[in-house]
Each structure stands twice: as structure tokens, then as C-alpha cells.
Amino acid sequence: MGILTKRDGHVEVVTVDFPPVNALPVQGWFDLADAITQAGRDPEVHVVILRAEGRGFNAGVDIKEIQRSAGYDALVGANRGCYAAFGAVYDCEVPVVAAVHGFCLGGGIGLVGNADVIIASEDATFGVPEVERGALGAATHLARLVPQHLMRTLYFTARKITAAELHAHGSVYQVVPRADLDEAALEVARDIAKKDPRVIRAAKEALNGIDTQQVHRSYRFEQGFTFELNLLGASDEAREEFLNGR
């Protein structure tokens with residue numbers, strides 16, 4: 001359990017494994033950030049694949065951990081951890097291929113929205129249920145997956161969108177059967193890994209440099225409203241309702 005890594009040629013495979021639903025604790029987000037950053041700095045790594053074990057790719061932050069903690073330490077930690085992990089994907093010195101299965105929610109959108117290539121299984125669904133949890137965040141990353149008005153609709157309603165629908169928008173590169181997901185991600189990663197790594201690393205930096213969206217500042221702006229909602233008590237009430245199944 002935790003963040004696992006293994007090497008496949010010049011491809012570093014980073015696996016998230018936090019049963020039962022891959023809702024990451026505070027330390028898990030920082031560990032994920034470290035694994036991706038270290039992989040990108042390794043000259044022998046040309047591509048990173050980000051995948052997960054279990055029922056789904058990612059269910060966001062561990063709400064139970066936040067509710068168990070007195071004060072705001074866990075909340076602040078979760079926000080900083082998400083910021084670090086999302087940023088690590090975006091700033092990774094080599095391309096990051098996200099292999100997504102099952103549910104990809106909240107923090108999962110932050111990860112895949114900052115990835116360079118997204119491969120998804122046919123059962124994959126994507127969504128940001130933050131408004132139902134009394135928090136804000138990852139609209140920055142959802143906006144990288146769908147057009148602006150659809151992003152707003154999905155955000156306000158907390159509805160999910162399928163991998164096939166994202167493929168139609170061009171943000172998911174390929175949709176494959178669940179059993180073929182890992183191999184499909186490896187196929188794309190190996191294709192990139194065959195290129196001159198000096199060129200690929202330069203290309204990653206160049207593409208980030210011409211990006212129209214400043215993801216770090218935009219996401220941090222969103223997080224400010226999460227802190228405000230917590231001070232007002234709205235977030236705590238929403239988290240309790242979620243945990244109590246109401």
C-alpha cells in the first residue's frame with residue numbers, strides 16, 4: 001500500500017495504491033509528488049506513467065482523515081499536498097502519461113488535468129464533486145479537459161463525464177477495454193521514450209512555457225475559497241453529511 005514505482009526500460013511506472021478507493025491521506029499526496037519529481041530528474045527516465053490499483057484511479061483526499069483531526073492541520077496539509085502532487089505532474093521534466101480506470105474524482109482530476117497524455121479504460125468516469133463536499137478546487141484542471149461552459153456545468157452540478165465523452169473533446173487520447181489499459185499506456189510511453197530525451201525534455205519545458213493557463217496560480221486561487229468555506233463552517237457540515245451518507 002502507498003506509492004509504488006517500477007522501471008520498464010526508460011519508462012517509470014508510478015502506481016497509487018490506497019485501498020479501498022484511493023482517497024489519499026496527506027502524506028500520500030506528498031509521497032506521490034516526490035515519486036514523480038524524482039522520476040523526472042533521473043536521466044534514465046524518458047517518460048512517467050501514472051496509474052492506480054484497485055476500484056478506481058483516484059477518489060481525492062481522505063475526508064475521514066480531515067474529520068478526525070483537530071483544528072485545520074489536516075486540511076492545510078491536504079491542500080498543500082494536492083498542490084505539490086498536481087504541480088509535480090505538470091512540472092515533471094519528462095512527459096507524464098495518466099492511465100485512468102474506474103472513478104477519477106476531485107484530486108484525480110488535478111492529476112490527469114496536469115498530465116501530458118491521458119489513456120482511459122471504457123469504465124472510467126471523471127468528475128469534481130467539490131461543491132458537495134464544501135470545498136473548491138480542480139476547476140483549473142477540469143478546464144483543461146472540457147470547454148469552459150461544460151466545465152462550469154459539471155462543476156456546479158457535480159456530475160461526472162465518461163472517458164468516451166472526453167475522447168470526443170480530444171482530452172483523452174485513447175479509450176480501451178479495462179484489461180488493455182496498462183499495455184495501451186505503455187505503448188504510448190514507449191513511443192515517446194524512443195525519441196531523443198534531450199529533445200523531449202526541452203519540448204516539455206517549452207510546452208509548459210507557452211501554456212495559456214497558469215495552473216499553479218489558478219489552483220492556489222481556488223484553494224483560498226476552500227479555506228474561507230471552512231472558516232464559515234460550510235465545509236465541515238458538508239463533509240459530515242458525506243461521511244454519514246445523507
Undergrad: What are the two closest heavy atoms between G87 and N114, and how far apart are they?
TA: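 Taking every non-hydrogen atom into account, N-ND2, 4.3 Å.
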
Undergrad: With clusters defined by side-chain heavy atoms of hydrophobic residues (ILVMFWY) lying less than 4.5 Å apart, directly or transitively, does V100 cluster with L4?
TA: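 L4 and V100: separate clusters.
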
Undergrad: Have a look at F18 and tell me which of N58, I3, D62, L32 forms a side-chain contact (heavy atoms from CB on, under 4.5 Å) with it.
TA: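 In the set N58, I3, D62, L32, the residue that makes a side-chain contact (heavy atoms from CB on, under 4.5 Å) with F18 is I3.
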
Undergrad: Counting only heavy atoms from other residues, nucleotides and ligands, does the tally under 6.0 Å from NZ of K64 exceed 12?
TA: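 No.
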
Undergrad: Taking the side chain as every heavy atom from C-beta outward, state whether L50 and F57 have any atom pair closer than 4.5 Å.
TA: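 The answer is yes; the side chains approach within 4.5 Å.
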
Undergrad: Would you confirm whether Q223, through its side chain, and N79, through its main-chain N or O, come within 3.5 Å as a donor-acceptor pair?
TA: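 Such a contact is found between Q223 side chain and N79 backbone.
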
Undergrad: Count the heavy atoms of every other residue, nucleotide or ligand shown that sit under 6.0 Å from CZ of F227, and state whether that count exceeds 12.
TA: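 Yes, because the 6.0 Å sphere around CZ of F227 holds more than 12 heavy atoms from other groups.
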
Undergrad: Starting from L186, can I reach L181 by hopping between I/L/V/M/F/W/Y residues whose side chains sit under 4.5 Å apart?
TA: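 Shared cluster, yes.
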
Undergrad: Output the distance between atom CZ (R144) and atom CD1 (I109), rounded to the nearest 0.5 Å.
TA: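 If we round to the nearest 0.5 Å, R144:CZ and I109:CD1 are 12.5 Å apart.
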
Undergrad: Could you check if a side-chain atom of M151 sits within less than 4.5 angstrom of a side-chain atom of Q148, using non-hydrogen atoms only?
TA: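 Sidechains of Q148 and M151: in contact.
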
Undergrad: On a heavy-atom basis, which atom in V47 and which in P95 lie closest, and how many Å separate them?
TA: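 Between these two residues, the closest heavy atoms are CG1-O, 3.5 Å.
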
Undergrad: I'd like to check V48 versus V94 (side-chain heavy atoms, cut-off strictly below 4.5 Å). Are they in contact?
TA: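 The answer is yes, as the side chains (C-beta and beyond) meet within the 4.5 Å cut-off.
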
Undergrad: Do you know which of Y155, Y90, F86 makes ring pair (Phe, Tyr, Trp, His ring centres under 6.0 Å) with H141?
TA: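 The residue from Y155, Y90, F86 that satisfies ring pair (Phe, Tyr, Trp, His ring centres under 6.0 Å) with H141 turns out to be F86.
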
Undergrad: Please work out which of the three classes, parallel, tilted or perpendicular, describes the rings of H10 and H46, given edges at 30° and 60°.
TA: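 Answer is parallel, since the angle falls under 30°.
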
Undergrad: In the structure I gave you, are the side-chain heavy atoms of H216 and T140 within less than 4.5 Å of one another anywhere?
TA: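 Heavy-atom side-chain distance check fails, nothing below 4.5 Å.
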
Undergrad: Could you check Q174 against V117 for side-chain contact (heavy atoms from CB on, under 4.5 Å), going step by step and ending with a plain yes or no?
TA: CA-CA 9 Å; Q174 191 176 8; V117 181; over 6 Å; no

Undergrad: Compare every heavy atom of A238 with every heavy atom of R133, then report the nearest pair and how far apart it is.
TA: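 Heavy atoms only, the tightest pair is C-CB, 3.4 Å.
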
Undergrad: Is N230 close to L75 at the side-chain level, that is, under 4.5 Å between some pair of heavy atoms?
TA: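 Answer yes - side chains close enough.
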
Undergrad: Please say whether more than 12 non-hydrogen atoms of neighbouring residues, nucleotides or ligands are located less than 6.0 Å from CD in E205.
TA: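 Counting neighbours around CD of E205, 12 or fewer heavy atoms of other residues, nucleotides or ligands fall under 6.0 Å, so no.
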
Undergrad: Please report the C-alpha distance between L145 and I161 in whole Å, then the side-chain angles of each, then the deciding distance to 0.1 Å, and finally whether the side-chain contact (heavy atoms from CB on, under 4.5 Å) criterion is met.
TA: CA-CA 10 Å; L145 302 176; I161 189 168; over 6 Å; no

Undergrad: Hey, what's the ring geometry for Y83 with Y219, parallel, tilted or perpendicular (30° and 60° as the breaks)?
TA: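 If you compare the ring of Y83 with that of Y219, the planes turn out parallel.
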
Undergrad: Report, as yes or no, whether the 6.0 Å neighbourhood of atom CZ on R178 holds more than 12 heavy atoms from other residues, nucleotides or ligands.
TA: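 Result for CZ/R178: enclosed.
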
Undergrad: Hey, what do you get for CG (D211) to CG (L207), rounding to the nearest 0.5 Å?
TA: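 The CG atom of D211 sits 8.5 Å away from the CG atom of L207.
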
Undergrad: Decide whether Q38 and R41 meet the rule of one side-chain donor and one side-chain acceptor closer than 3.5 Å.
TA: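 Q38 vs R41: no donor-acceptor pair found between side chains.
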
Undergrad: Under a single-linkage definition using a 4.5 Å side-chain heavy-atom cutoff for Ile, Leu, Val, Met, Phe, Trp and Tyr, are F103 and V172 assigned to the same hydrophobic cluster?
TA: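 No, F103 does not connect to V172 through the hydrophobic network.
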
Undergrad: Might you point out which heavy atoms bring A115 and V96 nearest each other, and give the distance in Å?
TA: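 Closest heavy-atom pair between A115 and V96: CB-O, 3.7 Å.
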
Undergrad: Hey, could you give me the CD1/SG distance between I118 and C104, rounded to the nearest 0.5 Å?
TA: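 These two atoms lie 8.0 Å from each other.
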
Undergrad: Does a salt bridge link R190 with E183, judged by any charged N lying under 4.0 Å from a carboxylate O?
TA: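 Here R190 pairs with E183 in a salt bridge, since their nearest N and O are under 4.0 Å apart.
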
Undergrad: Quick one about T15 and D17 (side-chain donor to acceptor, distance below 3.5 Å, no hydrogens or angles considered), yes or no?
TA: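 The answer is no; no qualifying pair exists.
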
Undergrad: Flag yes if more than 12 heavy atoms outside Q67 fall under 6.0 Å of its CD atom; otherwise flag no.
TA: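 Buried by this count: over 12 neighbours within 6.0 Å.
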
Undergrad: Could you tell me if the side chain of V146 sits less than 4.5 Å from the side chain of F126, heavy atoms only?
TA: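 Not touching, per the 4.5 Å side-chain cut-off.
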
Undergrad: I need the minimum non-hydrogen distance between I119 and A184, along with the two atoms involved.
TA: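 What the structure gives for the nearest pair is CG2-CB, 3.9 Å.
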
Undergrad: Look only at the side chain of T153 and the backbone of H149, and say whether a donor-acceptor pair between them is shorter than 3.5 Å.
TA: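 Pair found, side chain donor or acceptor close to backbone of H149.
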
Undergrad: Quick check for you: to the nearest 0.5 Å, what is the distance between N208 atom CG and D91 atom CG?
TA: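 If I round to the nearest 0.5 Å, the distance is 6.5 Å.
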
Undergrad: Does F221 share a hydrophobic cluster with V131, counting links as ILVMFWY side-chain heavy atoms below 4.5 Å and allowing steps through other members?
TA: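 As far as the 4.5 Å side-chain criterion goes, V131 and F221 are connected within one cluster.
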
Undergrad: Rounded to the nearest 0.5 Å, how far apart are CD of E222 and CD of E130?
TA: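 Those atoms lie 9.0 Å apart.
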
Undergrad: Is any side-chain heavy atom of D42 closer than 4.5 Å to one of E12?
TA: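 A side-chain contact under 4.5 Å is absent here.
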
Undergrad: Quick one: CG on L154 to CD on E165, what's the gap to the nearest 0.5 Å?
TA: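 Taking CG in L154 and CD in E165, the distance rounds to 8.5 Å.
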
Undergrad: Does any part of the side chain of V26, heavy atoms only, come nearer than 4.5 Å to the side chain of R80, both counted from C-beta?
TA: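 No; the side chains remain at least 4.5 Å from each other.
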
Undergrad: Does one hydrophobic cluster hold both L142 and L111, with members joined at side-chain heavy-atom distances below 4.5 Å?
TA: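 Yes, L142 connects to L111 through the hydrophobic network.
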
Undergrad: For A33 versus A88, what's the shortest heavy-atom pair and its separation?
TA: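 That would be O-CB, 3.6 Å.
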
Undergrad: Run the salt-bridge test on E53 and R51 with the 4.0 Å N-O cut-off and return the result as yes or no.
TA: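 Salt bridge present between E53 and R51.
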
